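Keep in mind it's a predicted model, so treat the numbers as computed, not measured.
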Amino acid sequence: MHQRLCSTAALPKSKPNPVLLSALNPSRSFTIEADVSPEDYVGSNPSSKSSPYRTPLWNLLHPLLKHEPPDLSFYAPLFQHLTGRNFLRIGRQVHSHMAIRGWEPNGFTAAKMVAMYASSGDLDAAGVLFGRIQNPSLILYNSMIRAYSKYGCHQKSVELYLRMHSSGFQGDNFTFPFVLRSCADLLNLLIGKCVHGLSLRIGLELDTYVGTSLIDMYVKCGEIGNARKLFDIMDVRDVSSWNALIAGYMRDGEIRVAEDLFARIPCSNIVSWTAMISGYTQNGLVEQALTLFDEMLKYDSDVKPNWVTIMSVLPACAHSAALERGRKIHDYAASIGMDSNPSVCTALIAMYAKCGSLVDARCCFDQLLPTHRNLVAWNTMVTAYASHGRGTEAVATFEEMIEAGVRPDTVTFTGLLSGCSHSGLVEMGLKYFNNMKPVFSVEPRVEHYGCIVDLLGRAGRFVEAKKMIDEMPMEAGASIWGALLAASKMHKNLDTADIAARKLFVLEPENSGNYILLSNMYAEAGMWGEVDDLRAAIQGRGIRKNPGCSWIEVNGKVHLFLGEDRSHTESKEIYLFLEALAERMKAAGYVPDTTVVLHDVSEEEKERNLTTHSEKLAVAFGLLNTNPGVVLRITKNLRICGDCHTAFKFISKIYERVMVVRDLNRFHQFEKGTCSCGDYW
DNA sequence: TTAGGGTTAG
C-alpha cells in the first residue's frame with residue numbers, strides 16, 4: 001500500500017545535487033511514499049493496547065513527518081534501517097530528499113547508502129556510490145562483494161575482491177564465503193585456490209562458513225578430492241558442509257558415496273533431502289528420487305518439503321512420463337500452498353508437457369500471474385509446444401512473450417526454432433533465425449544451427465542444409481551431423497546419409513544408433529553387403545546396441561517392455577492380442593513396413609519381428625488394461641519406428657483411442673487415424 | 001555469511 005508520510009513540497013527548497021541525481025536517478029518526487037505496511041513503522045506496543053508502538057524506523061522518519069529541518073546526521077541511521085528489497089522505494093526517496101537539499105554524504109552516510117542499495121539489489125546505485133568513496137572499509141567491501149555475489153554479478157564480485165586485496169585488506173570470515181561463491185559460479189578455480197591459500201594463512205581455512213564455501217567451490221569446479229580433504233580435516237562441520245559434499249558426489253555420479261554420507265549425517269535438514277532427491281533426478285534415477293520423496297513425507301520430523309524440493313522431484317515424473325505421480329505431487333504442492341510459486345509452477349508446466357498433457361501444462365501457465373511469467377516460464381511453454389509439434393502455438397507464445405516485454409534468450413530460440421522445424425514452418429523458422437542477432441541481440445549458437453539444419457533437412461532442402469553446415473562459424477559437431485543423418489533417412493537420401501554417418505562414426509564412435517540408422521537405410525535399398533560390413537564394424541569395435549524399450553503408466557504403475565519381451569506376467573495375453581490386432585489392421589488396409597527391419601530374413605520373419613516392437617507390446621498392454629476412452633501414454637527411449645507409427649494410426653481408429661507417444665525427440669498424438677506430427681518427423 | 005534449484009536441438 002502507499003502510505004503518505006510527508007509532503008516535502010512544504011519544506012524550504014535548496015539546490016539539488018545534479019551529480020547524484022543524474023548518476024543515480026532516484027525518484028524526483030517530493031513526496032515520500034512507501035510500499036511498506038504501517039506495521040513496519042508503526043507497530044503494536046506489546047505492553048500497551050491503547051497507544052501505537054513507535055518502531056525504530058518510525059522514530060527515524062519522524063522529523064520528515066513533522067517537517068523538522070533535518071541535518072546530515074539524520075540520514076545515516078535512516079539508511080541503515082532501510083535495508084532489503086521492501087524498502088528500496090522509500091530508501092530511494094530518502095536519498096532524493098537528501099540530494100535535493102544539496103547534502104553531500106560523508107563517508108559514514110555513504111557507507112550506509114551503499115549497504116542499503118546493495119542489500120536491495122540496486123547494484124548500479126550501490127556501485128556508483130561505492131566508487132565515490134575514498135577509502136572503503138573492509139565492512140563496506142564485504143557489503144559490495146556480497147551484493148555482487150548474491151545478485152549474480154560474479155565477475156564484479158571477484159574483481160572487487162582483487163581490488164580490495166591490492167588495497168591492503170586480507171579479507172575476513174565474511175569476505176571469503178561471498179567471493180568463493182562467485183568463484184564457484186564462474187568455475188574460476190585459480191582465484192578460488194588463491195582465496196583458499198589466503199584463508200589458510202590467516203587461520204580461517206577451517207572456519208565453518210569459509211570451509212563449507214571452500215568445499216562448495218571445489219565441488220563446483222570439479223575437484224571433489226580437494227573438497228573431501230577439507231571436509232575430513234574440519235573439526236566443526238555444519239550441516240551445510242555435509243550438504244555441499246553430498247551435492248558434490250551426486251554431481252560426479254558417485255551416488256553410493258553420497259548415499260553413505262546422507263546415512264551418516266548427524267542432523268539432516270531439508271537441504272540434505274533435497275540434494276539427494278535432485279541428485280537422483282539429475283542422474284536419471286527416477287524411482288530412487290520418488291521413493292525418497294515419499295519417505296520424506298512419512299518421516300516424522302521437522303523436515304518438510306519446501307518449494308525447492310517440489311521443484312527437484314517434478315523432473316523425476318517428467319523423465320519417466322509418470323503423469324499420475326506428477327499429478328499427485330501437484331495436489332500435494334497445492335495443499336501446502338506452493339503451487340503458486342513461479343518456479344514450482346514452471347516445473348509443473350514442464351512436467352505436464354513431458355508427461356504428454358499439453359492441456360494441463362497450459363493450464364498451469366495460465367494460472368501464473370502475468371507479472372510472475374519470467375523468462376524461464378515462457379521458455380518452458382514455448383518448448384512445450386515445440387516438443388508436441390505445435391509450431392504455430394510455439395510461435396504465438398513467442399510473440400506473446402515479446403509483447404509482454406520479456407527478452408528472449410538462447411533457450412527461447414532453441415525452442416522456437418525446433419517448433420518451426422517439427423511443424424514444417426520453414427520460412428518462419430529461417431526468418432526468426434536470421435533475426436536472432438539483429439533484432440533480438442542473441443548470438444546463434446551451435447544448437448540453433450542444428451535446428452536450422454534439421455529444418456532444411458526435413459524439408460528436403462539438402463543443398464541449403466549442407467551450405468549452412470559449411471558456412472557456420474563453429475565446427476559442426478555430432479548434433480549437426482545427427483540432424484542431417486535423420487533428415488537423410490526421412491527422405492531416403494543415401495548419399496547425404498553416408499556423408500553424415502561417416503562423420504558421426506568419428507565424432508561419436510560408441511553411439512550405436514548411427515550405425516543402425518545407416519544400416520537400416522542400406523537394408524531398405526537392398527544393399528545387404530553394406531549391411532554386413534556395418535554389422536561387422538559394430539561387432540569389431542565392441543559397440544553395444546542400445547536396446548529399445550517402451551513403458552506405459554497404468555493405474556499409477558509403470559510397466560516396461562523391451563523388444564520381443566516375454567517377461568511380463570501378462571505376456572501371453574499381450575501376444576495373443578497382438579496377433580489378432582495384426583489381422584484387424586490388415587483388414588483395415590494396414591501393410592506392414594518390413595523395410596525398417598535390419599535383418600536379411602524372410603518376409604514372414606520380418607513381420608513377426610515388427611509385431612514384437614516394445615511400443616506395440618506397451619500399447620497392447622494398455623488396451624487390455626484400461627477402459628475405453630482412457631488416453632494411452634507411451635514413452636520410448638528411442639525414436640518410434642516407421643511401422644509402429646503407421647500401426648498406431650490404425651489402432652487409434654479401430655479402437656477409437658487417443659494415444660500419446662513420447663519418443664526420444666518429440667510427442668506424437670494419435671487420434672482418429674492420424675498423428676499430430678502430420679507424418680512429418 | 002555457507003549447502004539443495006524450474007527452461008536447451010538431432
Side-chain angles (χ1 to χ4, degrees), chain A residues 142 145-146 149-150 172-181 184 207-217 219-220 237-248 250 269-279 281-282 306-315 318 341-351 353-354 374-384 386-387 409-419 421-422 445-455 457-458 477-487 489 500 504 511 513-514 517 639 664-666:
Chain A
N142 283 351
I145 294 170
R146 177 176 72 162
S149 169
K150 184 178 173 187
D172 65 8
N173 56 322
F174 282 80
T175 323
F176 297 134
F178 306 139
V179 73
L180 284 167
R181 182 180 157 175
D207 171 89
T208 314
Y209 287 96
V210 177
T212 302
S213 302
L214 281 167
I215 291 172
D216 183 53
M217 184 274 295
V219 156
K220 289 184 179 147
R237 294 172 193 142
D238 197 273
V239 61
S240 305
S241 327
W242 288 81
N243 293 345
L245 198 63
I246 287 174
M250 276 299 197
N269 63 9
I270 185 58
V271 178
S272 329
W273 286 78
T274 306
M276 288 301 293
I277 291 170
S278 69
T281 306
Q282 282 158 17
N306 59 22
W307 63 281
V308 183
T309 321
I310 304 287
M311 224 168 65
S312 306
V313 72
L314 285 171
N341 177 299
S343 300
V344 170
C345 217
T346 306
L348 283 167
I349 297 168
M351 182 276 289
K354 286 180 183 165
N374 61 16
L375 176 65
V376 181
W378 283 102
N379 284 353
T380 309
M381 202 58 233
V382 170
T383 308
S387 64
D409 73 348
T410 173
V411 179
T412 323
F413 281 101
T414 310
L416 179 67
L417 297 178
S418 80
S421 163
H422 284 293
R445 292 195 195 173
V446 66
E447 54 266 38
H448 306 114
Y449 282 95
C451 289
I452 295 301
V453 169
D454 185 50
L455 178 100
R458 281 170 193 272
S479 61
I480 301 282
W481 293 111
L484 194 68
L485 177 61
K489 167 85 167 69
L504 286 164
N511 186 339
N514 299 323
L517 211 150
R639 282 183 65 162
L664 192 62
N665 290 342
R666 57 164 293 160

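- Annotation: side chain of A:D454 is not in contact with side chain of A:S418 (no heavy-atom distance under 4.5 Å).
- For the pair A:I277 and A:T309, the minimum side-chain heavy-atom distance is below 4.5 Å.
- Using a 4.0 Å heavy-atom distance criterion, A:N374 is classed as a base contact.
- Within 4.0 Å (heavy atoms only), A:S479 reaches at least one base atom of the nucleic acid.
- Using a 4.5 Å cut-off on side-chain heavy atoms (C-beta onward), A:Y449 and A:I480 make contact.
- A:F174 comes within contact range of at least one nucleobase, with a heavy-atom separation under 4.0 Å.
- Contacts of A:D409 with the nucleic acid, taken as non-hydrogen atoms under 4.0 Å apart, are absent.
- Residues satisfying the side chain to side chain donor-acceptor pair (under 3.5 Å) test with A:T208, not counting sequence neighbours, are none.
- Put simply, the side chain of A:S421 never gets that close to the backbone of A:L417: no donor and acceptor are under 3.5 Å apart.
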Intermediate values then yes/no, side chain to side chain donor-acceptor pair (under 3.5 Å), A:S272 and A:N269: CA-CA 5 Å; A:S272 329; A:N269 63 9; 3.0 Å; yes
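- Reading DNA chain B from its 5' end, the first and the last nucleotide to sit under 4.0 Å from a heavy atom of chain A are B:dT1 to B:dG10.
- Backbone-only engagement by A:S278 is indicated by non-hydrogen atom pairs under 4.0 Å involving sugar-phosphate atoms exclusively.
- At a threshold of 4.0 angstrom between heavy atoms, the contacts of A:I270 include nucleobase atoms, whether or not backbone atoms are also involved.
- Here A:T380 lies in heavy-atom contact (under 4.0 Å) with sugar-phosphate atoms only.
- For the pair A:L504/A:N511, no side-chain contact is recorded, criterion being any heavy-atom separation below 4.5 Å from C-beta on.
- Among the heavy atoms of the strands, none lies under 4.0 Å from A:K150.
- A:D238 comes within 4.0 angstrom of a base, heavy atoms only.
- Across all strands, A:W307 comes closer than 4.0 Å to base atoms (heavy-atom distances).
- Among the heavy atoms of the strands lying under 4.0 Å from A:N306 is at least one base atom, whether or not backbone atoms are also near.
- Within the 4.0 angstrom heavy-atom criterion, only backbone atoms of the sugar-phosphate kind lie near A:R181; the bases stay farther away.
- Counting any heavy atom pair closer than 4.0 Å across all strands shown, A:A478 reaches a base atom.
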